[in-house]
Amino acid sequence: MPVTLDPDAAAVLNAFREAGRPPYETLSAAEARQMYLAGRVVSNPEPPVIASVEPVAITGPAGPIPARLYKPLKLRQADGLAPCLVFFHGGGWVIGDLDSHDVVCRTLADEGQLIVISVDYRLAPEHRFPAAVDDAIAATEWVSKNALSLGIDASRLLVGGDSAGGNLAAVVAINAREAGPKIAGQVLIYPATDFAMTHPSHSEPETSALLTHSVIRWFRDHYLNGAAGTDDWRASPARAENLSGLPPAFVLTAGADPLRDEGEEFAKRLGNAGVPVVYRTYLGQFHGFITMGKLLPKASDAMREIGSWLRAMG
C-alpha cells in the first residue's frame, strides 16, 4: 500500500541515509552490534526517573541469562506484589542487548506502573535458533517461579518485546498456553511473525527504510539453520495453527515497515481466535521508531498507549 512518512520520520530517515552508515549486512555481527548500540545516543530520549534498576542472573538452559529488573517510582501493588512485564529486546536476534533497550524498559516501567525485567537472551550467529527461544521461555518460567521473592504477582505476569523480541514474546505466550506459566498479556511491537516473508510489505519499496529488505534476510540467515526453520512455529509464530486461548494482546505496527502486514495479520488471527486484541498502527513511521523518542514525537505517543494498556491489565 502507498506509504507516506510523517515529516519528522522522513527527516530522520534522510539523516540516517546521508550519514553514510554502512549497511548491517556488510558488517560482522560484532561490528553491527557496536554500531547499533552507538546509535542510541543520537535517538534515545532522556529516560524517566525510576526507583531502581538492578541486575538479575536468571537460570537458563546454557548457563546464567543476564537480565535487569526495573522498578518505577509509582508501582501498582496489591499485598506488596506488583505486575511484571518480561521484556525481550529487538535486533533481529543478532544485535541489541540490555543497554540498547534500557530507555525503553525504564519508560515501560514508568508508564505501566509495573516491574519490567529485560532479558539478554543469546544472540545469533553464535547461538542460532532455537537458543533465543529456549532462553526466553526459561527466563519467563524462572520469573514466575521466583515471583514472590522478586515482589511480583505471578498472576499478573506479562510478556512483550519489539521486532525480534515481539516474535519471542508471541512464542513464549503460545508455549505457555500448554506448558505454563500463566501469562496475563502480551505486548507485540512490530513483531516478526512469519519467516516466509511473502506478505506485500516485504516487497514494497517504501517499506525498505531503516529495516531494509536485505538486512531482514541477513538477520534470517544468521538466526535460522536453513529454510526448514521457516515452518517451525517457534520461529514463525504465525505458523501455529491454533491461536485460541492466548492472553490478551496489544499489537503495534508501523506503516513503512517490512513486518507491517504480518503483524496486522497476526493481530487479526488472534482476534478471530477469540483473543482480546488492541491493534494500533502508526502509518507514518518506520520500523524501530519507538526507541527514537528524542527525534520522533510519535514514539512517545506509542509508549504512552502501551503504558495505558498495561495499566488497564490490572
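Predicted model only: the values in this text are computed from it and were never measured. The first residue of the sequence shown is numbered 1, and numbering continues consecutively from there.
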Where do [X] and [Y] come nearest, in terms of heavy atoms and distance?
X      : Y      : answer
Gly91  : Ala164 : N-CB, 4.3 Å
Pro72  : Ile50  : CA-CB, 4.0 Å
Gly112 : Leu310 : CA-CB, 4.1 Å
Ala169 : Val159 : O-CG2, 3.6 Å
Arg40  : Asp99  : NH1-O, 3.4 Å
Gln77  : Ala82  : CG-CB, 4.0 Å

**OP:** Return the set of residues passing ring pair (Phe, Tyr, Trp, His ring centres under 6.0 Å) with His202 (not counting sequence neighbours), or none when no residue passes.
**Re:** none

Does this structure show an ion pair linking [X] with [Y], if we count only N-O contacts that are shorter than 4.0 Å?
X      : Y      : result
Arg106 : Asp102 : yes
Lys268 : Glu264 : yes
Glu126 : Arg33  : yes
Glu305 : Arg280 : yes
Arg128 : Asp221 : no

When rounded to the nearest 0.5 angstrom, what is the spacing between [atom1] in [X] and [atom2] in [Y]?
X      : Y      : atom1 : atom2 : result
His101 : Thr107 : NE2   : OG1   : 11.5 Å
Ser28  : Glu31  : OG    : CD    : 3.5 Å
Phe87  : Ser118 : CZ    : OG    : 6.5 Å
Asp135 : Tyr121 : CG    : OH    : 10.0 Å
Ile117 : Ile58  : CD1   : CD1   : 6.0 Å

**OP:** Compute whether any side-chain donor of one residue and acceptor of the other, for Ser163 and His89, lie under 3.5 angstrom apart.
**Re:** no

Subject >> His199-Asp261 side chain donor-acceptor pair, cut-off 3.5 Å >> reply: no

**OP:** Return yes if some donor-acceptor pair links the side-chain N/O of Thr207 with the main-chain N/O of Glu204 below 3.5 Å, else return no.
**Re:** yes

**OP:** Spell out, as yes or no, whether a donor-acceptor pair under 3.5 Å connects the side chain of Arg311 to the backbone of Glu111.
**Re:** yes

Side chain to side chain, [X] and [Y], heavy atoms closer than 4.5 Å:
X      : Y      : result
Trp142 : Leu150 : yes
Leu69  : Val53  : no
Asp162 : Val104 : no
Pro248 : Trp309 : yes
Val275 : Pro247 : no
Phe286 : Leu13  : yes
Asn44  : Lys294 : no
Arg76  : Pro83  : yes

Subject >> Set of side chain to side chain contact (heavy atoms under 4.5 Å, CB included) partners for Thr253, sequence neighbours left out >> reply: Arg260, Tyr279, Thr281

Would you list the atom pairs, donor with acceptor, under 3.5 Å between side chains in residues 226-237 and any protein atom, with sequence neighbours excluded?
from	atom 1	to	atom 2	distance (Å)
Thr230	OG1	Ala227	O	3.1
Asp231	OD1	Arg239	NH1	2.4
Asp232	OD1	Arg234	N	2.9
Asp232	OD1	Arg234	NE	3.2
Asp232	OD2	Arg234	NE	3.4
Asp232	OD2	Arg234	NH2	2.8
Ser236	OG	Phe195	N	2.9
Ser236	OG	Thr230	O	2.8

**OP:** Count the heavy atoms of every other residue, nucleotide or ligand shown that sit under 6.0 Å from CD of Gln34, and state whether that count exceeds 12.
**Re:** no

**OP:** Answer yes or no: does atom CG of Leu148 have more than 12 heavy-atom neighbours from other residues, nucleotides or ligands under 6.0 Å?
**Re:** no

Original post:
Leu114, Ile183: one ILVMFWY side-chain cluster at the under-4.5 Å cut-off?
Top reply: no

**OP:** Kindly assign one of parallel, tilted or perpendicular to the pair Tyr24 and Tyr36, based on the angle between their ring planes and the thresholds 30° and 60°.
**Re:** perpendicular

Subject >> Pair Ile174-Leu243, side chain to side chain contact (heavy atoms under 4.5 Å, CB included): steps then yes or no >> reply: CA-CA 7 Å; Ile174 295 170; Leu243 298 182; 4.1 Å; yes

